[in-house]
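From a predicted model like this one, the values you see are computed outputs, not experimental measurements. Below, all heavy atoms of this structure are taken into account, side chains as well, without hydrogens, waters or symmetry copies.
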Amino acid sequence: MSITVEIESPQIVTKKGTSAKGKDYQIHEQAALMFKEGSRYPDKVKVVVVDGQSAYQPGRYTLHQDSFQVSRFGAIELRPVLVPITKSA
């Protein structure tokens, strides 16, 4: 299976709030399109940008193997880490 993520704008949207336990939090998100092999149209998605990370620049990306992790319950978990797709000469 092949997945491509396209970033159209470097704009980051930050959401702030307070958790049920009273702890303040921030989530930084960037809008993207996800193209799945065999799908006719892309899906609109949001990519989380971690604190201290620069915005992804416009372009096409693929998922790095570090995107896949094991949760504390042993399930597969996805936290996208994007790698630019370079054009072959």
With sequence neighbours left out, write down each residue that passes side-chain hydrogen bond (donor to acceptor under 3.5 Å, both in side chains) with [X], or none if nothing qualifies.
X   : answer
T18 : D24
D43 : K36
E8  : none

>> Go through it in stages, so that I can follow the logic: the residues are V5 and T62, the test is side-chain contact (heavy atoms from CB on, under 4.5 Å), and I'd like the CA-CA distance, side-chain angles, deciding distance and then a yes or no.
In response: CA-CA 6 Å; V5 176; T62 188; over 6 Å; no
Contacts of [X] that satisfy side chain to side chain contact (heavy atoms under 4.5 Å, CB included) - sequence neighbours left out:
X   : answer
P84 : Y61
K44 : L33
F68 : L63, L78
S9  : Q11

Could you pull out all donor-acceptor pairs under 3.5 Å where a side-chain atom in residues 45-54 meets a protein atom, sequence neighbours excluded?
residue: D51; atom: OD1; partner: H28; partner atom: NE2; Å: 2.7
residue: Q53; atom: OE1; partner: V50; partner atom: N; Å: 3.4
residue: Q53; atom: NE2; partner: Y56; partner atom: OH; Å: 3.2

> Which value, rounded to the nearest 0.5 Å, describes the distance between M34 atom CE and I3 atom CD1?
Replying inline: 6.0 Å
>> If the condition is salt bridge (charged side-chain N to carboxylate O under 4.0 Å, His left out), which residues does K15 pass it with, not counting sequence neighbours?
In response: E29
> Does anything in residues 68-81 pair up under salt bridge (charged side-chain N to carboxylate O under 4.0 Å, His left out), and if so which pairs, sequence neighbours excluded?
Replying inline: E77-R79
> Where do Q30 and P10 come nearest, in terms of heavy atoms and distance?
Replying inline: NE2-CA, 3.5 Å
> Do L82 and I7 have side-chain heavy atoms sitting under 4.5 Å apart?
Replying inline: yes
>> Whether the side chain of S39 engages the backbone of Y41 through a donor-acceptor N/O pair (distance < 3.5 Å, no angle test) should be reported.
In response: no
